[in-house]
Amino acid sequence: MTETIGFCQETRPESCAFVLFGATGDLAGRKILPALFGLCKKGLAPRNFYILLAARTPLSRPELERRLSELMARACPGAPPEAVTDFLGRVDYLRADYESGEFYRALGARLDELDAKHGIKKKRLFYLAIPPAAFGKVTDGLGDSGLLAEPGDRGGWSRLIIEKPYGSSLERACAVDAGLKKDAAESQIYRIDHFTGKETVQNVLALRAANSVFDETWNNRYIDHVQITVFEELGLEGRADLFENLGLARDMMSHILQLAAITAMDLPSSFRDTDFKTEKRRFFESIPERERTAAAADAVRAQYEGYRQEPGVAANSGVETFLAFRFFVDNDRWRGVPFYVRAGKKTGAKCTRISLVYRKPEHGIFRGMDIGYPNIFTFNIHPDEDMSFSLIAKHPGPRLCFVPKTMRMDYPERAGETAAPTDYERLLIEAMAGDQTLFLSSFEMQFLWQFLSPLLAAWQADPYGGALYSYTPGTSGPPQAAALIERDGRAWV
Ligand code: BG6
């Protein structure tokens with residue numbers, strides 16, 4: 001049966017050049033290159049499009065092709081060989097020396113040459129898949145050599161994409177941001193958080209906006225509390241160096257806050273960038289600031305057993321691999337409704353999920369009676385992409401007993417979309433189209449650090465103390481995480 005689609009809108013990427021700095025690094029290999037390949041393979045890339053990879057490693061053309069072919073075979077097993085050949089045809093490589101003006105001159109010359117070959121007019125997306133400490137060097141180099149032209153200059157544009165954690169503290173992150181703004185306007189800076197590009201996350205707002213039946217109940221009159229779970233089966237995946245300097249909270253907080261905002265912000269008057277950002281900002285501004293003692297009292301952090309024996313991890317590491325916490329949003333919609341979050345590495349099967357737990361009925365025939373179960377609306381983001389609503393029904397039989405029954409919408413299967421973009425693919429399309437809606441503003445980046453800072457300060461004051469619990473890999477964290485929610489008379493769903 002063909003589904004009838006109502007309102008339908010498509011973002012079309014503009015023809016452009018994609019320049020990837022840090023092209024031989026971990027982020028490029030795990031996320032960006034597979035996304036670029038995916039866009040080309042699915043026919044979602046712009047018609048005129050090429051990719052210039054830049055990294056410090058010297059690579060000959062055959063070496064580059066061998067590396068990319070191996071990477072594609074790993075990241076997209078079963079991809080047709082013609083897709084790989086087509087992709088390789090769009091890729092070029094330039095050895096980078098980020099410190100030297102000569103490199104940026106050579107980059108400019110190569111871009112002009114490739115623009116002419118591919119019929120593109122100075123439309124350039126620069127992806128900085130390099131450590132935040134090196135952002136400034138690269139943006140200064142691009143700025144000085146005229147490669148960060150303002151949008152509209154000579155009909156072209158230049159955009160920068162950067163990736164969290166944008167620094168390691170509020171001060172560092174603000175310094176990194178100020179460095180970027182020295183060379184580029186805010187309208188040219190795309191701060192990526194790939195969770196905003198996930199299909200189900202996109203659907204949270206679409207569903208709320210299109211179905212008043214839900215959004216009307218998305219408030220403290222009906223909702224008892226909200227839960228966000230981001231569990232991963234994997235541990236470090238060879239990223240010990242990075243993780244030892246970050247810890248789970250710095251690594252994942254941006255994702256968690258984006259999930260919370262998209263679920264709970266007031267609906268914008270349109271999905272246009274400015275309306276959307278204004279409402280998101282209002283939501284973040286409604287989260288009260290906390291002292292470090294108060295923040296730490298509402299949080300549990302833990303490390304999985306065996307973490308300190310992992311290669312590259314310090315024998316006395318005080319880094320957390322698990323975090324659970326509670327926070328409140330002080331606005332008319334959510335006042336009094338706790339948001340509970342838990343996220344961890346090696347916490348059983350991968351599971352990313354947002355659940356809105358409704359209040360049980362407290363009126364009519366159920367006044368003073370506990371029917372046993374609440375309604376729960378759940379957005380499953382990983383591994384399944386679906387939504388479910390658990391309703392309470394009468395158990396069939398002679399007695400009046402209640403049971404929860406789940407209505408489930410298996411979302412991508414229904415849509416029959418084989419070529420749906422992945423999270424990174426979607427965000428790259430948006431950046432190529434010049435739409436910043438799904439990217440983080442400078443304010444959001446600062447808020448992230450303001451939110452994290454009291455927690456980090458509390459932990460720094462007591463790095464190895466009782467505040468760092470431990471848990472067995474494969475479980476859903478330490479018992480203290482269960483106690484955090486149970487002390488409020490609730491339980492993780
Ligand atoms: C990244 C974190 O941003 O998100 C990783 O740095 C984490 O540590 C990953 O594993 C999770 O993303 P996804 O899309 O696999 O759920």
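Computed over heavy atoms, backbone and side chain alike; hydrogens, waters and symmetry mates excluded. Every number for a ligand or one of its atoms is a count from 1 in the order of the listing. Since this is a predicted model, take the numbers as computed values, not measurements.
- For atom 15 (O) of ligand 1, the closest non-hydrogen atom of the protein is Lys350 NZ, 3.1 Å.
- Proximity of Pro268 to Thr278: side-chain heavy atoms (C-beta onward) are nowhere separated by under 4.5 Å.
- Interface atoms of ligand 1 facing His382, defined by a heavy-atom separation under 4.0 Å, are 16 (O).
- Atom 2 (C) of ligand 1 has its closest protein heavy atom at Asp251 OD1, 3.3 Å.
- For the ring pair (Phe, Tyr, Trp, His ring centres under 6.0 Å) criterion with Phe327, the lone passing option out of Phe283, Phe451, Trp334 is Phe451.
- Taking 4.0 Å as the cut-off, Phe243 does not count as a neighbour of ligand 1 on heavy-atom distance.
- Counting only heavy atoms of the protein, atom 11 (C) of ligand 1 lies nearest to Glu232 OE1, 3.8 Å.
- Numbered from 1 in the order shown, with element, the atoms of ligand 1 that lie under 4.0 Å from a heavy atom of Lys345 read 5 (C), 7 (C), 8 (O), 10 (O).
- When hydrogens are left out, the protein atom nearest atom 1 (C) of ligand 1 is His255 NE2, 3.6 Å; that is the closest non-hydrogen contact.
- Residues Trp218 and Phe377 place their aromatic rings such that the two centres sit under 6.0 Å apart.
- The distance from ligand 1 to the heavy atoms of Lys198 drops below 4.0 Å at these ligand atoms: 13 (P), 14 (O), 16 (O).
- The two residues Phe447 and Phe284 have their closest heavy-atom pair at CE1-O, 3.3 Å.
- Using modelled atom types, one finds no donor on one side chain facing an acceptor on the other under 3.5 Å when comparing Tyr166 with Arg191.
- The protein heavy-atom contact nearest to atom 12 (O) of ligand 1 is His194 NE2, 3.1 Å.
- Between Phe87 and Leu33, the shortest heavy-atom contact is CZ-O, 4.2 Å.
- Between the NZ atom of Lys280 and the OG1 atom of Thr196 there is a distance of 6.5 Å, given to the nearest 0.5 Å.
- Residue Thr352 places no N or O, backbone or side chain, under 3.5 Å from any N or O of ligand 1.
- Annotation: atom 5 (C) of ligand 1 to nearest protein heavy atom, Arg239 NH2, 3.1 Å.
- Contact detail for Ala295 and Pro454: the closest heavy-atom pair is CB-CB, 3.9 Å.
- Note: no N/O pair closer than 3.5 Å links Glu237 and ligand 1 by distance alone.
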